[in-house]
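Down below is the structure, laid out as structure tokens.
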Amino acid sequence: MIRIILFLALIAAAAAGAAWIADQPGDVVLHCTDGLTELLSGSEIASVLSVVREPPEAAARLVALANERGGVDNVTVVLTRYEAVAKHA
């Protein structure tokens with residue numbers, strides 16, 4: 001199962017001390033501006049991230065979707081996908 005961790009820059013969340021940690025192979029961390037989150041719902045973002053596996057392609061798709069809906073604000077997306085690292089003996 002893929003866990004998708006969505007980071008939103010919300011003052012209330014920061015004030016509450018909210019924190020999320022990507023620690024499982026396949027976890028995706030999304031850093032974005034409100035230009036994305038004002039035009040796409042969390043479930044729409046999660047849907048794209050579940051289907052489009054490569055971060056550069058997924059980021060481009062998210063930006064394209066926001067622009068298709070008017071892109072009234074700047075839309076910035078940075079994605080990181082965590083993968084397992086082989087341990088050396």
Side-chain angles (χ1 to χ4, degrees):
M1 183 170 122
I2 298 170
R3 294 187 316 156
I4 297 172
I5 300 170
L6 175 62
F7 281 90
L8 301 175
L10 298 174
I11 294 172
W20 298 270
I21 298 175
D23 62 354
Q24 300 295 315
D27 282 357
V28 175
V29 177
L30 167 64
H31 299 271
C32 64
T33 59
D34 62 352
L36 180 73
T37 57
E38 287 182 0
L39 295 170
L40 275 70
S41 69
S43 61
E44 290 172 314
I45 293 169
S47 177
V48 169
L49 297 180
S50 294
V51 174
V52 184
R53 304 296 301 156
E54 295 301 319
E57 294 171 25
R61 180 68 184 134
L62 291 170
V63 170
L65 283 171
N67 285 332
E68 287 171 13
R69 295 188 181 169
V72 294
D73 196 358
N74 68 329
V75 180
T76 303
V77 175
V78 176
L79 286 170
T80 305
R81 181 177 300 281
Y82 288 81
E83 300 297 340
V85 177
K87 295 183 181 180
H88 297 283

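The basis for the numbers below is simple: all heavy atoms, side chains too, and nothing from hydrogens, waters or symmetry mates. Position 1 is the first residue of the sequence, and the numbers go up from there.
Applying the salt bridge (charged side-chain N to carboxylate O under 4.0 Å, His left out) test to E54 and every residue at least two apart in sequence or in another chain returns nothing. Looking at residues two or more places apart in sequence or on another chain, you find a side chain to side chain contact (heavy atoms under 4.5 Å, CB included) between V78 and H31.
From L79, atom CG reaches atom CG of L49 across 5.5 Å, with rounding to the nearest 0.5 Å.
What you find for V75 and G35 is that their closest heavy atoms are CG2-O, 3.7 Å. Residues P55 and R81 come closest through the heavy atom pair CG-CB, 3.9 Å. Residues L39 and V72 share a closest heavy-atom pair of CD1-N, 4.3 Å.
For the pair L62 and I45, the minimum side-chain heavy-atom distance is below 4.5 Å. Annotation: side chain of V63 is not in contact with side chain of L36 (no heavy-atom distance under 4.5 Å).
Note on residues 33-42: no pairs pass salt bridge (Lys or Arg N to Asp or Glu O under 4.0 Å), not counting sequence neighbours. Under the salt bridge (Lys or Arg N to Asp or Glu O under 4.0 Å) criterion, the residue pairs touching residues 60-69 are E44-R69, R61-E68, with sequence neighbours excluded.
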### Task
Go through T37 and C32 one step at a time and tell me if the side chain to side chain contact (heavy atoms under 4.5 Å, CB included) criterion holds.
CA-CA 8 Å; T37 57; C32 64; 3.6 Å; yes
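With hydrogens and angles disregarded, a donor-acceptor distance shorter than 3.5 Å links the side chain of S50 to the backbone of A46.
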